[in-house]
Protein chains: 2
Amino acid sequence: MQSGPGSLILEGGTEAATPSFPDDGKNTIASQLVSRLREAIISGELEAGSKINLDRAKQSFNVSLSPLREALARLISDGLVEFEDNRGYRVSPVSLSNLEEITSLREEFETYALRESMRVGDVDWEGNVMRALHRLNRTERDAAKPETLEQWEAVHREFHLTLISGCRKPLLLSFCKTMLNLNDRYRRTFLTRTSGDRNVSVEHSEIAQGTVARDMDYACDRLREHIHRTGTNLRRHLAEKGIA
Amino acid sequence: MQSGPGSLILEGGTEAATPSFPDDGKNTIASQLVSRLREAIISGELEAGSKINLDRAKQSFNVSLSPLREALARLISDGLVEFEDNRGYRVSPVSLSNLEEITSLREEFETYALRESMRVGDVDWEGNVMRALHRLNRTERDAAKPETLEQWEAVHREFHLTLISGCRKPLLLSFCKTMLNLNDRYRRTFLTRTSGDRNVSVEHSEIAQGTVARDMDYACDRLREHIHRTGTNLRRHLAEKGIA
DNA sequence: TTTTGAAAAATCATCGATTATTTGTCAAGC
DNA sequence: GCTTGACAAATAATCGATGATTTTTCAAAA
């Protein structure tokens with residue numbers, strides 16, 4: 001047995017820093033590429049709708065063709081990449097109708113998952129929700145500092161996923177993650193500042209409070225409004241940039 | 001331009017039978033493999049939970065490694081295949097809890113999609129629904145003749161997809177298709193006869209009638225019951241075979 | 001008997017080269 | 001000028017071979 005992820009191995013507690021690989025649990029090149037490509041697409045680094053030239057991608061990521069193709073194939077399921085026989089892969093385009101569908105589905109899926117979580121979630125889950133809320137409230141979001149935006153996105157995403165993580169429906173959770181990914185791409189691409197007429201912190205707090213109080217209707221209504229408002233904001237920003 | 005799928009080309013109406021490739025629109029080996037593997041898994045030919053040995057699969061499908069891996073990677077999104085770094089691919093296992101989640105999600109997703117379809121669907125869609133119902137009613141299902149079972153499965157699937165095809169939400173439709181695939185695997189594996197206390201034809205007719213009448217509550221209630229009953233039947237058969 | 005660990009076998013992952021398809025170019029014909 | 005079709009370039013798809021990891025085997029030690 002070799003030193004796998006999380007293994008606690010001998011040699012006098014050296015805690016060796018495993019120099020070669022970053023080890024986010026992804027051993028293979030293909031799996032690392034999935035993460036890197038996903039991040040590149042969600043962040044907008046890879047432009048929406050653009051073709052992914054395999055030769056160029058191969059070079060810019062310093063990998064061979066096989067793991068690159070395999071990673072792209074896996075990303076199709078995330079809705080971030082599209083594929084056509086003999087024409088290769090392209091970054092999924094953005095559009096008003098796509099954004100509207102994502103918003104609608106988030107409203108449906110996440111409220112359903114939240115209701116289920118309140119129905120069957122345990123105390124651990126409640127605690128995770130409060131922790132995620134606290135972290136989110138303590139995370140700064142300053143448009144002037146790009147690194148805070150990325151940090152906030154990660155914590156915000158974690159909050160929404162934690163809310164619904166108690167539902168014990170793994171397929172539903174994976175669909176919600178997919179929708180959240182797609183939604184985050186729109187936000188990170190089109191929305192660097194939050195709308196002035198919203199107090200998003202209060203919205204998050206209300207959702208979380210209602211959730212741990214197991215007030216299903218209240219929590220789900222607040223969550224639905226929250227998602228809907230974000231969708232409306234994004235739609236306006238898309239319209240400003242002339243995206244149909 | 002070469003003779004693509006559906007192209008109407010010259011040479012005096014020879015309607016050339018394009019001898020070499022079957023042409024379901026899937027040109028590449030990888031894409032054909034996706035279809036073949038999906039069918040093999042849903043039909044139970046590839047056993048649930050079993051490991052997919054790449055060397056053997058390579059031989060039995062007469063293909064090389066690259067398109068095989070790419071096809072399997074794409075199938076992850078269908079929930080039919082699971083993957084772990086350095087341990088390869090395996091057919092997703094079946095379980096009671098998985099079946100229950102699929103049933104729940106079908107109830108939620110398909111009733112939502114049906115409601116949306118009734119809200120925005122056009123006359124073409126209505127016609128498609130009635131046609132799909134008619135075909136389904138005219139398709140025999142005899143446990144003694146396996147080929148009728150397969151035929152019925154295809155027509156039945158088409159009916160359910162047509163019902164919701166008017167909703168103009170492509171992502172939602174793809175999720176529904178995924179759930180339907182997973183559900184069909186359970187039916188084709190565990191349910192060769194239909195339960196005696198059901199008249200499934202009537203159920204389908206009621207759903208379709210309510211749908212084209214745009215009676216949202218009626219149609220959605222009937223659809224939900226229909227899905228729920230199928231789930232209950234399947235659960236019983238799983239229990240009989242000792243599957244937890 | 002059970003445990004351990006090194007060597008062998010099996011299997012997975014990746015690479016570089018080759019083949020097939022699509023896209024771009026440009027001159028001939030209308 | 002516009003279309004057409006052959007050729008060339010670019011790109012995608014596949015293959016066979018090699019490298020890396022996991023699993024199995026089995027003999028030695030406890």
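Just so you know, these numbers use all the heavy atoms, side chains as well, and skip hydrogens, waters and symmetry mates. Each chain gets a letter, A, B and so on, in the order the sequences are listed, and its residues count up from 1.
If you take CD of A/Gln32 and P of D/dA20, they are 15 Å apart, rounded to a whole angstrom. Taking atom CZ of residue A/Arg90 and atom C1' of nucleotide C/dT22, one finds them 14 Å apart after rounding to whole Å. At whole-Å resolution of the value, CD in B/Glu84 and P in D/dT22 are 10 Å apart. For B/Asp55 and C/dT11, the CG to C1' distance is 7 Å, given to the nearest whole Å. Between the NZ atom of B/Lys51 and the C1' atom of C/dC12 there is a distance of 8 Å, rounded to whole Å. Distance, A/Arg69 CZ to C/dA20 P: 16 Å, rounded to whole Å. The distance between atom CG of A/Leu54 and atom P of C/dG16, rounded to the nearest whole Å, is 16 Å. Atom CG in B/Leu65 sits about 10 Å away from atom C1' in C/dT14, given to the nearest Å.
For B/Phe83, whose side chain is taken as the heavy atoms from C-beta onward, the closest listed nucleotide among C/dC15, D/dC15, C/dA13 is C/dA13. Listed nucleotides: D/dG16, D/dT11, C/dT22. Nearest to the side chain of B/Ser64: D/dG16. Listed nucleotides: D/dA13, D/dC15, C/dC15. Nearest to the side chain of B/Ser66: D/dC15.
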Practice item. Output, in order, the C-alpha distance, side-chain angles, deciding distance and verdict of side-chain hydrogen bond (donor to acceptor under 3.5 Å, both in side chains) for A/Ser165 and A/Thr162. Key: CA-CA 5 Å; A/Ser165 66; A/Thr162 304; 5.2 Å; no
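Under the salt bridge (charged side-chain N to carboxylate O under 4.0 Å, His left out) criterion, A/Glu153 pairs with A/Arg187, not counting sequence neighbours.
Counting non-hydrogen atoms under 4.0 angstrom, B/Ile52 reaches the backbone sugars and phosphates but no base. Using a 4.0 Å heavy-atom distance criterion, B/Thr28 is classed as a sugar-phosphate-only contact. As judged by a 4.0 angstrom heavy-atom cut-off over every strand, B/Tyr89 is placed among residues making no nucleic acid contact.
Checking the phosphate oxygens (OP1, OP2) of D/dT11, a side-chain nitrogen or oxygen of A/Asn53 falls inside 4.0 Å.
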Name each donor-acceptor pair under 3.5 Å that joins a side chain in residues 166-176 of chain B to protein atoms two or more places apart or in another chain, with its distance.
from, atom 1, to, atom 2, distance (Å)
B/Arg168, NH2, B/Val120, O, 2.9
B/Lys169, NZ, B/Glu116, OE1, 3.2
B/Ser174, OG, B/Leu171, O, 2.9

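Closest-nucleotide positions on DNA chain C for A/Arg87 and A/Asn62 were compared, and the one nearer the 5' end corresponds to A/Asn62.
A salt bridge is defined here as a Lys NZ or Arg NE, NH1 or NH2 lying under 4.0 Å from an Asp or Glu carboxylate O, and A/Arg90 with A/Glu82 fails to meet this definition.
Other residues, nucleotides and ligands contribute over 12 non-hydrogen atoms within 6.0 Å of the CD atom of B/Glu39.
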